[in-house]
Amino acid sequence: MTDTATRATRVVASNGGRRRLNGGGPRAGTITAFVIPFFLPFVLFYLVPVGYALWQSFRVVRRTGGQYGTSYTAFGGFEQYQQVFQNTEFWSSIGRIGLFGIVQVPVMLFVALVMALLLDTPLLKLKSVFRITAFMPYAVPGVIAAIMWSYLYSPQLSPVVDVLNGIGLQPDFLGPGAVLWSAANVSTWLWTGYNMLIMFSALQSIPQELYEAAKLDGANNWTIAWQIKVPIIAPSIVLTTVFSIIGTLQLYAEPAVLRQISSNISSTFTPNMLAYAVASGNNYQQAAAISVVIAVITFVLSFGFMRLTSKKAGL
């Protein structure tokens, strides 16, 4: 009888709570007050611009009376997307950014992983200094970082170039074969510390008893790092990879700044730069279509990577 009464009391209390929420009581008002500050900007500054860009991508500019006639916009179906897919500059920028991501993302994440593993070992001294130093570049805005590195890349200003020239290396960081990797170096410098902290936070959640058991079985620090720690934090590695894929397709600030000192970076160097250049020519509908295609490619690559790695990473 006691158990039955207890269950009945819980049901009554639950129903009463539901009635209060459904009735718009103080609790419902409190929840609404907390949700609105997030939901309203999310709708105004995310959903509405995305919807407007999608709508613009299906519009085309028509003219009456020839080339110099009155212009008006009309529904054009997939005409803008057809032009995007036929644009050789678009595919060149996609290929360039694809090469960038294939090389830069694995290098950056590997360095971040090694730094996180070092930070998690008792062998490293001055851990606080190391952590702050590694994370500090992330606090620098991307444009400022690109300006700093452009100074180090410039043959006329860079002390690094002067030293390398003095020993006979004569590097050309802004040359046609190196400028893409110069931009990749800036991105790596900016984001390695950020990814390191995500991985280090995952390492901190691993129970210490697991390491003690491994040492009792004869495992050394190297074995513990690569056979225990890395597999356990695989979900965080997948997460940082997805973030890096998204960031790669959004690349804009670094090449845009380096373009001011290098003629080997065009206005269509990356997909985002192409969209901006097209919009600067008042072709907003075409720029919107390019943006939508970039968003779809980003979604397919990031979601596809997560699907491929979810089972292995335990997601």
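Quick note: residue numbers are just sequence positions, from 1.
Summarising the local packing, OH of Tyr211 is surrounded by more than 12 heavy atoms from other residues, nucleotides or ligands at distances under 6.0 Å. More than 12 non-hydrogen atoms from other residues, nucleotides or ligands lie less than 6.0 angstrom from CZ of Phe305. Counting non-hydrogen atoms of other residues, nucleotides and ligands closer than 6.0 Å to OH of Tyr46 gives a total of 12 or fewer.
Two residues are said to be in side-chain contact when any heavy atoms from C-beta on lie closer than 4.5 Å; Ile237 and Val230 meet this criterion. A 4.5 Å side-chain heavy-atom check between Phe173 and Val179 finds every atom pair outside the cut-off. Here the side chains of Phe110 and Pro106 are not in contact, with every heavy-atom distance at 4.5 Å or above. Counting heavy atoms from C-beta on, the side chains of Ser92 and Thr268 never come closer than 4.5 Å. Side-chain contact between Trp181 and Val103 is present, with at least one heavy-atom pair separated by less than 4.5 Å. In this structure the side chain of Gln56 never reaches within 4.5 angstrom of the side chain of Thr73, judged on heavy atoms. With a 4.5 Å cut-off on side-chain heavy atoms, Gln260 and Leu258 do not count as touching. Looking at Ile94 and Pro271, their side chains come closer than 4.5 Å, going by heavy atoms from C-beta outward.
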**Prompt:** Going through the distances and angles, do Leu197 and Arg131 end up as a side-chain contact (heavy atoms from CB on, under 4.5 Å)?
**Reply:** CA-CA 8 Å; Leu197 280 188; Arg131 183 168 60 247; 3.8 Å; yes
**Request:** Step by step, work out the side-chain contact (heavy atoms from CB on, under 4.5 Å) result for Leu152 and Leu157.
**Result:** CA-CA 7 Å; Leu152 296 176; Leu157 302 173; over 6 Å; no
**Prompt:** What do the steps show when you test Thr188 against Gln104 for side chain to side chain donor-acceptor pair (under 3.5 Å), and what is the final call?
**Reply:** CA-CA 7 Å; Thr188 303; Gln104 188 267 342; 3.2 Å; yes
**Prompt:** Yes or no on side-chain contact (heavy atoms from CB on, under 4.5 Å) for Thr248 and Ile97, after CA distance, side-chain angles and deciding distance?
**Reply:** CA-CA 7 Å; Thr248 297; Ile97 210 67; 3.9 Å; yes
**Message:** Pair Tyr153, Asn185 - check side-chain contact (heavy atoms from CB on, under 4.5 Å), show working.
**Reply:** CA-CA 11 Å; Tyr153 291 150; Asn185 178 64; 2.9 Å; yes
**Request:** Show your reasoning for whether ring pair (Phe, Tyr, Trp, His ring centres under 6.0 Å) applies to Phe58 and Phe78.
**Result:** CA-CA 6 Å; Phe58 290 102; Phe78 291 97; 5.5 Å; yes
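Rounding to the nearest 0.5 Å places CG of Leu117 at 9.0 Å from CE of Met199. Note that the CZ atom of Phe85 and the CD1 atom of Ile290 stand 11.0 Å from one another [nearest 0.5 Å]. Remark: Phe130 CZ to Leu119 CG distance equals 6.0 Å, nearest 0.5 Å. Put simply, CD1 on Ile31 and CD1 on Ile36 are 12.0 Å apart, with the number rounded to the nearest 0.5 Å. Separating the CD1 atom in Ile228 from the CD1 atom in Ile206 is a distance of 9.0 Å, to the nearest 0.5 Å. The distance from atom CZ of Phe269 to atom CD of Glu254, rounded to the nearest 0.5 Å, is 11.5 Å.
The backbone N or O of Ile233 sits less than 3.5 Å from a side-chain atom of Ser236, completing a donor-acceptor pair. Distance alone, capped at 3.5 Å, places no donor-acceptor pair between the Ser262 side chain and the Arg259 backbone. Without hydrogens or angle criteria, Asn283 side chain to Ala279 main chain gives no donor-acceptor distance under 3.5 Å. Under a 3.5 Å cut-off, the side chain of Thr240 and the backbone N or O of Asn195 do not form any donor-acceptor pair. Using modelled atom types, no side-chain atom of Asn272 and backbone atom of Tyr252 make a donor-acceptor pair closer than 3.5 Å.
When hydrophobic clusters are built by joining Ile, Leu, Val, Met, Phe, Trp and Tyr residues whose side-chain heavy atoms come closer than 4.5 Å, directly or via intermediates, Phe45 is not grouped with Val50. Placement of Ile297 and Val300 within a single hydrophobic cluster is found when ILVMFWY residues are connected by side-chain heavy-atom separations under 4.5 Å, directly or transitively. Criterion: ILVMFWY side-chain heavy atoms under 4.5 Å apart, direct or through other members. Under it, Val114 and Leu190 are part of a common hydrophobic cluster. Taken together through direct or relayed side-chain contacts under 4.5 Å among Ile, Leu, Val, Met, Phe, Trp and Tyr, Leu239 and Leu301 form part of one hydrophobic cluster. Leu44 and Trp55 end up in different hydrophobic clusters when Ile, Leu, Val, Met, Phe, Trp and Tyr side chains are linked at under 4.5 Å.
Looking at every heavy atom in both residues, Pro176 comes nearest to Asn264 through N-ND2, 3.4 Å. Listed here is the closest heavy atom pair of Tyr81 and Ser57: OH-OG, 2.6 Å. The heavy-atom pair separating Ser154 from Leu174 by the smallest distance is CA-CD1, 4.4 Å. Minimum interatomic distance between Ala116 and Leu203 (heavy atoms only, all atoms of both residues): O-CD1, 3.5 Å. Heavy-atom minimum distance, Leu109 versus Ser244: CD2-OG, 3.9 Å. Taking both residues in full, the closest heavy atoms of Gln80 and Arg59 are given as NE2-O, 3.0 Å, listed atom of the first, atom of the second, then distance.
The stretch residues 209-232 participates, sequence neighbours left out, in these salt bridge (charged side-chain N to carboxylate O under 4.0 Å, His left out) pairs: Asp120-Lys229.
Using bins of under 30°, 30° to 60° and over 60° for the plane-to-plane angle, the ring pair Trp189/Trp149 lands in the perpendicular bin. Between Trp222 and Trp226, the ring-plane angle classifies as tilted under the 30° and 60° cut-offs.
Take Tyr194 and apply the side chain to side chain contact (heavy atoms under 4.5 Å, CB included) test, not counting sequence neighbours, and it matches Tyr138, Trp191, Ile198, Phe243.
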